[in-house]
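A short worksheet on the structure shown next.
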Amino acid sequence: VVTFNTLISSSLKAGFPANRARQLFAEMTSRWGLSPNVRTYNALIAVVGAEGNAREAQRLLQQMREEGVAPDMFTFNTLIGMHGQAGDLEAAQMTLDEALSCGCSPTPATYTSLMSAYSAAGRYSDAISLFQRMKEQGTGVQGSHCRCRPDLRAYSCLVSVYKDAGMVEEAEAVVQEMREAGTPPNAVVYGSLIQAYGRLGMVEQAVTAFDRMLSEGCAPDLPLFNILMAALCKAGLSSRAASFLRRMRACGVTPDAVSYNTLIHGHFQAGLPAEAEKIFERMKKAGCEPDRITKSLLVRTFNEAGWHDKAAGVWRRVGGGGGERD
RNA sequence: UACCUCGAGUUGAC
């Protein structure tokens with residue numbers, strides 16, 4: 001059973017079609033006579049949930065109950081996350097109520113899923129209240145044994161909420177609270193914080209946060225560099241942003257298409273089409289495949305520079321597919 | 001306090 005659980009859940013991570021997981025699930029009972037357990041159902045629910053198939057997910061919940069397999073908080077968390085991603089806050093909330101009525105107690109993931117959903121709907125204050133509720137539950141009578149003290153991802157989600165709400169000081173305060181709570185911020189948290197600075201044009205704060213991250217021994221990853229370069233570009237500092245290409249290699253991070261696209265766009269906005277073209281050359285030399293965004297950016301950059309032949313050349317020769325709508 | 005089931009951050013135009 002554990003083998004099938006692993007196969008089903010990894011089929012999601014590996015990006016295999018959902019039917020592969022359904023097939024495995026069917027095979028384990030019909031061919032091997034095995035009984036799926038909670039984890040099996042949870043894994044399959046996660047697969048069909050990722051497909052956005054809420055009906056089937058609900059059917060599986062019903063099926064597991066009929067088979068005498070009690071859903072746990074993971075099951076409900078998965079369903080809450082699925083509804084949240086579909087923007088169905090009502091269904092997400094109802095699922096939480098159902099979980100509570102089954103005697104399941106919320107975990108940090110429960111709150112984080114809901115916060116993420118409220119935040120995506122622009123309901124920032126509701127998302128923030130949820131975090132507060134989680135803390136209250138975590139400091140109750142059960143004290144340190146309670147599973148509901150905010151964890152790294154919960155804090156991370158809160159920082160992201162403040163980022164989206166444009167509340168940078170609150171985001172900073174959360175990061176500080178994390179340090180004091182013994183849950184030091186990781187690259188994802190710093191990514192949200194730096195993006196918050198970037199959106200407000202607070203470039204120096206963004207770079208300072210980056211330096212502090214390094215001094216804390218936290219390794220910058222690919223999205224972090226991309227976020228930092230975008231922040232610099234947004235402030236018109238595209239050349240300074242491009243200097244981070246070397247820096248990221250020095251950190252063992254290989255730039256991807258997002259990195260190059262960010263810089264091409266930054267140079268375009270700064271009125272430096274020749275620099276944008278240089279970035280494109282470096283991209284090709286590095287063996288990074290241009291995507292449709294690269295193509296669209298280059299066509300626009302070259303056209304607005306009056307370099308119509310170059311634009312036409314990119315349009316014809318560069319991969320990345322499609323582009324018709326562009 | 002028990003091994004791989006759920007939740008967090010990144011690029012253009014429209």
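The chains referred to below are lettered A, B, ... by the order of the sequence lines, with proteins before strands, and numbering in each begins at 1.
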Applying side chain to side chain contact (heavy atoms under 4.5 Å, CB included) to A/Asn186 and not counting sequence neighbours gives A/Leu152, A/Val188, A/Val189
Which residues satisfy the salt bridge (charged side-chain N to carboxylate O under 4.0 Å, His left out) test with A/Glu289, sequence neighbours excluded?
none
Suppose we screen for side chain to side chain contact (heavy atoms under 4.5 Å, CB included). Which residues come up paired with A/Gln85, at least two apart in sequence or across chains?
none
A/Arg292 has an atom CZ; how far is it from atom P of B/rC14, in whole Å?
16 Å
Go ahead and write out RNA chain B as dot-bracket, 5' to 3': ( ) for pairs within the strand, [ ] for ones crossing earlier pairs, | when the partner sits on another strand, dots for unpaired; Watson-Crick or G-U wobble, both distances under 3.5 Å.
..............
So A/Phe131 and A/Tyr155, would you call those rings parallel, tilted or perpendicular, with 30° and 60° as cut-offs?
tilted
Once base and sugar-phosphate atoms are separated, protein heavy atoms under 4.0 Å mark nucleotides 5-10 of chain B, 5' to 3', with B, S and - as BBBBBB
Is the A/Phe225 ring parallel, tilted or perpendicular to the A/Phe244 ring (thresholds 30°, 60°)?
tilted
Quick one: list whatever passes side chain to side chain contact (heavy atoms under 4.5 Å, CB included) with A/Met94, sequence neighbours left out.
none
Decide whether A/Gln176 and A/Glu180 meet the rule of one side-chain donor and one side-chain acceptor closer than 3.5 Å.
yes
Using a strict heavy-atom distance below 4.0 Å, which residues from residues 279-287 of chain A are in contact with RNA chain B?
none
Residues which pass salt bridge (charged side-chain N to carboxylate O under 4.0 Å, His left out) with A/Glu177, listed by chain and number, not counting sequence neighbours
A/Lys135
Is a side-chain donor or acceptor of A/Ser160 paired with a backbone partner of A/Ser156 at a separation under 3.5 angstrom?
no
Just to verify, what does A/Glu66 make a salt bridge (charged side-chain N to carboxylate O under 4.0 Å, His left out) with, not counting sequence neighbours?
none
Using a strict heavy-atom distance below 4.0 Å, which residues from residues 48-67 of chain A are in contact with RNA chain B?
none
Not counting sequence neighbours, which residues clear salt bridge (charged side-chain N to carboxylate O under 4.0 Å, His left out) with A/Glu98? List them please.
A/Arg65
For A/His267 and B/rU11, what is the distance between atoms NE2 and P respectively, to the nearest whole Å?
18 Å
Do A/Ser129 and A/Asp126 have side-chain N/O donor and acceptor atoms under 3.5 Å apart?
no
List in chain and number order the residues that pass side chain to side chain contact (heavy atoms under 4.5 Å, CB included) with A/Asp221, two or more places apart in sequence or in another chain; answer none if no residue qualifies.
A/Ala187, A/Pro223, A/Leu224
